[in-house]
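These notes concern the structure reproduced below.
Note that the coordinates shown come from a computational prediction; the quantities given were computed from them, not determined experimentally. In the text below, chain A, chain B and the rest are named by the order of the sequence lines, each starting its count at 1.
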There are 2 protein chains.
Amino acid sequence: MAVLEDQGYRTTAPRRAIIDLLERKEEGFTVEEISDELPTVGRATVYRTIKLLLKAGVICKLAMMDGAPKYSLSRIEHHHHTVCIRCGNVGEFRAATVERLLRAIAGDIPGEIVGHRMEFYVTCDRCLSGVAS
Amino acid sequence: MAVLEDQGYRTTAPRRAIIDLLERKEEGFTVEEISDELPTVGRATVYRTIKLLLKAGVICKLAMMDGAPKYSLSRIEHHHHTVCIRCGNVGEFRAATVERLLRAIAGDIPGEIVGHRMEFYVTCDRCLSGVAS
DNA sequence: CATGTAGTGAGATGAGATATCAAGTGGTGC
DNA sequence: GCACCACTTGATATCTCATCTCACTACATG
């Protein structure tokens with residue numbers, strides 16, 4: 001919330017409601033979910049707020065295996081995601097290996113790297129161990 | 001083309017046209033481009049054929065930085081992409097480092113990895129060296 | 001408390017992709 | 001060769017997701 005204030009945005013009821021809700025979401029979320037759970041807030045406002053939070057780095061956007069967009073709170077500074085293709089839960093991880101790799105790859109690639117995207121699709125432990133298919 | 005036949009799909013004129021066109025594309029393409037360049041082929045058919053080729057592994061889908069989908073021929077078996085955010089050109093690369101990383105990461109991640117997505121956004125050499133902004 | 005402005009919600013609109021369905025074809029059996 | 005039938009196709013309608021529009025609201029400030 002403070003993040004938005006710091007960037008000169010107002011603290012409004014809809015924004016507070018959205019952020020409160022997001023903070024209670026462990027597992028990543030879609031815009032539709034948020035909009036459904038906050039029927040008093042207009043869809044447009046949800047999209048607008050999500051976009052602000054994205055720009056502020058509070059949340060990050062990722063893609064499901066089929067490309068459908070999903071979001072998750074950024075708890076760790078620079079991280080990547082695992083998405084369970086079964087239950088849809090999103091995990092965050094920060095493998096030192098990844099960072100080393102990124103630096104190594106920078107040399108192999110012609111041009112100047114300005115960003116990257118990296119997601120792992122998994123069947124999570126919970127889904128592996130039993131929960132009925 | 002043979003790939004489709006092998007999977008029991010018919011060899012039809014529209015499909016041939018699409019595949020011929022794709023083979024001439026160096027730099028990745030969007031569905032819209034293909035559809036525009038083949039006005040005699042229906043949009044739906046383009047989507048259908050693209051989907052078939054995707055399933056057959058002939059082409060692969062990637063996402064621009066903003067999430068817009070783009071496709072490219074798979075020339076190398078297992079590879080990743082670089083996308084120039086300036087001109088949109090798509091490059092393929094196969095860094096051994098990446099494969100080693102993937103194996104290393106498999107251990108760090110809870111659950112079973114079933115797939116991944118990895119794209120690098122760059123400003124390509126051509127764009128860096130001069131072409132007017 | 002009055003004012004200017006950022007923010008909001010409802011609905012229209014736009015883009016991208018898919019579904020529908022009658023009409024058209026490829027390729028197999030003959 | 002030819003006829004047949006399931007697979008394909010194209011035009012169009014439709015769906016979904018996201019953004020735009022615009023009159024209205026409410027925040028923060030003086």
Side-chain angles (χ1 to χ4, degrees), chain A residues 1-22 28-56 58-72 83 88 90 117, chain B residues 1-22 28-56 58-72 83 88 90 117:
Chain A
M1 192 71 248
V3 191
L4 291 187
E5 283 172 7
D6 290 352
Q7 308 204 358
Y9 294 109
R10 288 188 185 165
T11 297
T12 67
R15 283 177 184 167
R16 219 182 328 255
I18 293 173
I19 294 173
D20 280 359
L21 180 55
L22 297 194
F29 47 86
T30 62
V31 172
E32 201 194 358
E33 262 172 56
I34 303 304
S35 196
D36 285 353
E37 296 183 33
L38 294 174
T40 61
V41 177
R43 205 176 298 276
T45 300
V46 175
Y47 278 105
R48 280 187 287 239
T49 305
I50 295 271
K51 194 174 284 182
L52 286 182
L53 294 173
L54 259 183
K55 224 186 325 180
V58 177
I59 60 180
C60 47
K61 185 177 187 171
L62 51 105
M64 303 297 285
M65 215 163 183
D66 65 359
K70 195 157 186 176
Y71 300 84
S72 94
V83 186
V90 175
R117 175 197 297 266
Chain B
M1 195 68 246
V3 192
L4 291 188
E5 285 171 6
D6 289 352
Q7 309 205 357
Y9 294 108
R10 286 190 184 163
T11 299
T12 66
R15 285 178 182 165
R16 220 182 328 255
I18 293 172
I19 294 173
D20 280 359
L21 180 54
L22 298 194
F29 47 86
T30 62
V31 172
E32 201 194 357
E33 262 173 55
I34 302 305
S35 196
D36 286 353
E37 296 183 34
L38 295 173
T40 60
V41 177
R43 204 178 295 278
T45 300
V46 176
Y47 278 105
R48 281 187 286 239
T49 305
I50 295 270
K51 194 172 284 182
L52 287 182
L53 294 174
L54 259 184
K55 226 187 323 183
V58 177
I59 61 180
C60 47
K61 185 176 187 172
L62 51 106
M64 304 296 285
M65 215 163 182
D66 65 0
K70 196 158 186 174
Y71 299 83
S72 96
V83 185
V90 175
R117 175 196 296 266

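In this structure, B:Leu53 and B:Leu22 have side chains that are in contact, with non-hydrogen atoms separated by less than 4.5 Å. Here the side chains of B:Leu52 and B:Gln7 are not in contact, with every heavy-atom distance at 4.5 Å or above. When side chains are defined from C-beta on, B:Val46 does not count as touching B:Leu38, because their heavy atoms never get closer than 4.5 Å. Looking at A:Ile50 and A:Phe29, their side chains come closer than 4.5 Å, going by heavy atoms from C-beta outward.
Across C:dT18, C:dA17, D:dT19, the shortest atom-to-atom separation from the side chain of B:Val31 is found for C:dA17.
As a whole-Å value, the separation of A:Leu54 CG from D:dT19 P is 10 Å. In this entry the distance linking CG of A:Asp66 with P of C:dT18 reads 10 Å, nearest Å. What separates CD1 of A:Ile50 from C1' of D:dC17 is a distance of 14 Å, to the nearest Å. The nearest whole Å value for the distance from the CG atom in A:Leu52 to the P atom in C:dG7 is 7 Å. Rounded to whole Å, atom C1' of C:dG14 lies 13 Å from atom CZ of B:Arg43. Taking atom CE of B:Met64 as the reference point, atom C1' of C:dG16 lies 16 Å away to the nearest angstrom. One can place CG of B:Leu38 at 13 Å from P of D:dT9, the figure rounded to the nearest angstrom. Nucleotide D:dT9 holds its C1' atom 18 Å from the CD1 atom of B:Ile34, rounded to whole Å.
Between D:dT19 and A:Lys51, a contact under 4.0 Å exists linking OP1 or OP2 to a side-chain N or O. Between A:Tyr47 and D:dT19 there is no side-chain polar atom (N or O) within less than 4.0 angstrom of OP1 or OP2. At C:dT8, one or more side-chain N or O atoms of A:Arg15 fall inside 4.0 Å of OP1 or OP2 (strictly under the cut-off).
Looking at A:Arg117, its side chain does come within 3.5 Å of a backbone N or O of B:Met64 through a donor-acceptor pair. Side-chain atoms of B:Arg15 come within 3.5 Å of backbone N or O of B:Arg10 as a donor-acceptor pair. Here the side chain of B:Lys70 pairs a donor or acceptor atom with the backbone of B:Gly88 at under 3.5 angstrom.
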| request: Would you mind building the protein contact string for nucleotides 20-30 of chain C? One character per nucleotide, 5' to 3', B for base within reach (heavy atoms under 4.0 Å), S for sugar-phosphate only, - for untouched. | output: B----BBS---

